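The shown structure was predicted, so the numbers you read here are calculated from the model rather than taken from an experiment. Numbering of residues begins at 1 and proceeds along the displayed sequence.
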Amino acid sequence: MILKQRSAPPEIFQLESLIRRTPIVHPLSTHWTEKLRRISAGFHGEQHVDSLWHEIPIECPHYFLHDLFVQREKSSHQMDTVLVTNRYVLLMEIKSIAGQLDFDPQLRQFSRTNKDGTIDGMRNPDDQILRHEKWVRRFLADKKISLPVIGIIVFTYPSSIVNNRPKNRIIIQASGLPFLMDQFAIKYPNDVLNTRQTRRLADHFLQLHTERPLRKLDVPMDLRRGVLCGRDCGGKMEYYWRKWTCEKCFRVDRLAHFETLLQYRVLVSQTISNKEFREFTGIESTTTASKLLKMANMPFEGSYKDRIYQIPHEIIQLESISSNLESI
């Protein structure tokens with residue numbers, strides 16, 4: 001059973017928004033595009049691994065928690081997948097990295113050798129999963145639960161060639177997960193928890209999850225303003241007759257400013273005033289801007305003139321805004 005679904009990393013929308021609102025000739029454009037490519041590739045790799053579980057029978061009570069983020073006082077744990085069963089807890093570090101991969105057990109270094117001979121140093125996934133293992137073992141000990149905790153590294157690309165693998169660490173290609181789960185069924189044949197206790201433990205993990213804070217980018221001063229068309233035409237949208245219309249492809253969208261608010265949230269600030277909204281969207285009328293902001297049904301503080309809206313990470317709630325459309 002999937003107790004927590006995987007969602008797209010917020011950095012994808014953040015970088016897509018930044019790239020759309022900056023010139024192609026910007027000196028950091030290539031850096032942002034490459035970063036977006038890497039994060040997207042990692043997400044697609046995780047989705048690929050998720051899809052494999054539909055074909056792998058697990059004959060004991062179990063719960064999947066994908067992309068679990070636990071914020072502690074001075075540190076945090078971001079775990080790609082946690083599988084809670086009544087026989088063991090499995091932690092997965094999923095990597096989408098192609099090339100020759102080397103683990104240096106003495107320097108605790110992880111590197112990739114590219115086709116052209118260049119070498120890229122990267123964070124050591126063995127150290128990452130080791131941190132998670134230690135924390136989960138302490139967490140279980142505090143609850144007096146004696147379950148084995150197993151951390152594995154899963155590579156999603158068949159072209160990943162692993163050299164000098166660390167001892168006592170399970171490293172496997174995604175295609176080998178069915179074989180690995182068969183081995184676990186043999187190695188851990190006995191139930192430790194009953195079904196209710198297993199669900200309770202999975203719920204405890206879920207209760208610890210919080211939304212991962214989005215890192216702030218160095219946004220350039222010449223950020224492109226306006227409500228941008230959702231298609232690839234690159235046009236801006238103008239607001240008249242109670243709807244947004246693209247100046248290039250003539251696409252019509254009554255709620256186009258919602259995505260613009262989300263872009264403002266990830267690029268500029270999580271709060272916005274009427275004036276800031278007008279400056280970012282190009283709307284001239286204070287009254288129209290106020291009604292559009294009200295339509296989004298966002299929490300706010302302050303009186304009508306100095307009202308500050310808090311932009312949530314999801315604002316598109318059609319049920320709550322349908323009654324407001326005709327008044328604008």
Can you list every pair that meets ring pair (Phe, Tyr, Trp, His ring centres under 6.0 Å) and has a residue in residues 85-117, with sequence neighbours left out? Tyr88-Phe184, Tyr88-Tyr188, Phe103-Phe110
Indicate whether the side chain of Arg212 and that of Ser76 have a donor and an acceptor atom separated by less than 3.5 Å. no
Could you walk me through whether Glu93 and Arg131 pass the salt bridge (charged side-chain N to carboxylate O under 4.0 Å, His left out) check? CA-CA 11 Å; Glu93 186 72 25; Arg131 282 188 63 245; over 6 Å; no
Could you please spell out the steps behind the salt bridge (charged side-chain N to carboxylate O under 4.0 Å, His left out) verdict for Asp191 and Arg87? CA-CA 5 Å; Asp191 296 342; Arg87 300 175 183 179; 2.9 Å; yes
Interatomic spacing from CG in Leu90 to CE in Met181 - rounded to 0.5 Å: 6.0 Å
Taking the six-membered ring for Trp, are His62 and Phe64 parallel (under 30°), tilted (30 to 60°) or perpendicular (over 60°)? perpendicular
Within 6.0 angstrom of Asp232 CG, more than 12 heavy atoms from elsewhere: no
Taken to the nearest 0.5 Å, the spacing of Glu276 CD from Leu293 CG works out to 10.5 Å
Plane angle bin for Trp244 and His257 - parallel if under 30°, tilted between 30 and 60°, otherwise perpendicular: tilted
Of all residues at least two apart in sequence or in a different chain, which pass the side-chain hydrogen bond (donor to acceptor under 3.5 Å, both in side chains) check with Gln173? none
Would the Phe277 and Tyr264 ring centres measure less than 6.0 Å apart? no
With a 4.0 Å cut-off, would you call Asp80 and Arg6 a salt bridge? no
Tell me whether Asp203 is salt-bridged to Arg199, with the criterion being a basic N under 4.0 Å from an acidic carboxylate O. yes
dist Leu91:CG -> Ile152:CD1 (nearest 0.5 Å) comes out at 9.0 Å
To the nearest 0.5 angstrom, please state how far the CZ atom of Phe300 sits from the CE atom of Met298. 10.0 Å
